[in-house]
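In what follows, every heavy atom counts, from backbone to side chain, and hydrogens, waters and symmetry copies are set aside.
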Amino acid sequence: MKSSVSIEMVMLLAGLLFTLGIAGVIIRKNIIFMLLSVEIMLNASGLAFIAAGSHWGQPDGQVMFIFILAMAAAEVSIGLALILQIYHQHKSLDIDKLKEMNG
C-alpha cells in the first residue's frame with residue numbers, strides 16, 4: 001500500500017522534532033526535561049529512519065528504529081537512576097545549582 005504522505009514532509013517533521021529536542025536540551029535547566037528532549041531527538045531520528053526505509057522499500061529503517069528504541073530504553077533507565085541519585089544527594093535537579101556545587 002502506497003502512502004499518501006511524501007517523504008519530504010516526513011523528513012521535515014523529523015527535522016522539526018529534532019530541532020525542538022536540541023532546543024530543549026539547550027534551553028531547559030531541569031535534568032528531567034533535558035532527558036525528555038533527548039528522547040524527542042531519538043524519536044525524530046527513528047521517524048527519519050522509518051520514512052527512508054519505507055521510501056526505498058527496505059526493512060533497514062525498521063531495524064534501525066528497533067535499535068533506537070532499545071537504546072532509548074537503556075538511556076532512560078540509566079538516566080533516571082542517575083537523576084534519582086543526583087536528587088538524593090543535592091535535593092535539586094536544576095543544572096545551574098549543580099554547577100555551583102562542583103568545587
Sorted by chain and residue number, the side-chain contact (heavy atoms from CB on, under 4.5 Å) partners of Tyr87 (sequence neighbours excluded) come out as Leu93
Please write out which residues are connected to Met11 in a hydrophobic cluster, directly or through intermediates, given that two of Ile, Leu, Val, Met, Phe, Trp, Tyr count as joined at side-chain heavy-atom separations below 4.5 angstrom. Ile7
Side-chain donor-acceptor pairs of residues 16-23 under 3.5 Å, sequence neighbours excluded:
| unit_1 | atom_1 | unit_2 | atom_2 | d |
| --- | --- | --- | --- | --- |
| Thr19 | OG1 | Gly15 | O | 2.7 |

Using a 3.5 Å cut-off and no angle test, enumerate the donor-acceptor pairs between side-chain atoms of residues 73-81 and protein atoms at least two apart in sequence or in another chain.
| unit_1 | atom_1 | unit_2 | atom_2 | d |
| --- | --- | --- | --- | --- |
| Ser77 | OG | Ala73 | O | 3.3 |
| Ser77 | OG | Ala74 | O | 2.9 |

Residues clustered with Phe65, ILVMFWY side-chain links under 4.5 angstrom: Ile50, Leu69
Identify whether Ile95 and Ile83 are in the same connected component of the hydrophobic contact network (ILVMFWY, side-chain heavy atoms under 4.5 Å). yes
Under a single-linkage definition using a 4.5 Å side-chain heavy-atom cutoff for Ile, Leu, Val, Met, Phe, Trp and Tyr, are Ile31 and Val25 assigned to the same hydrophobic cluster? no
Output the distance between atom CG (Leu35) and atom CG (Asn30), rounded to the nearest 0.5 Å. 10.0 Å
Please determine whether residues Met34 and Leu82 belong to a single hydrophobic cluster, defined as Ile, Leu, Val, Met, Phe, Trp and Tyr linked transitively by side-chain heavy-atom distances below 4.5 Å. no
CE/Met9 to CG/Leu13 distance, rounded to the nearest 0.5 angstrom? 8.5 Å
Connected-component partners of Val63 among ILVMFWY, side-chain separation under 4.5 Å: none
Should Val38 and Ile26 be counted in the same cluster of Ile, Leu, Val, Met, Phe, Trp and Tyr side chains packed under 4.5 Å apart? yes
Enumerate the residue pairs fulfilling salt bridge (charged side-chain N to carboxylate O under 4.0 Å, His left out) with a member in residues 29-46, sequence neighbours excluded, ordered by first and then second residue. Lys29-Asp96
Are Phe49 and Met71 connected, step by step, through hydrophobic side chains (Ile, Leu, Val, Met, Phe, Trp, Tyr) whose heavy atoms are closer than 4.5 Å? yes
Among pairs that include at least one residue of residues 44-65, which meet salt bridge (charged side-chain N to carboxylate O under 4.0 Å, His left out), considering only residues two or more places apart or in two chains? none
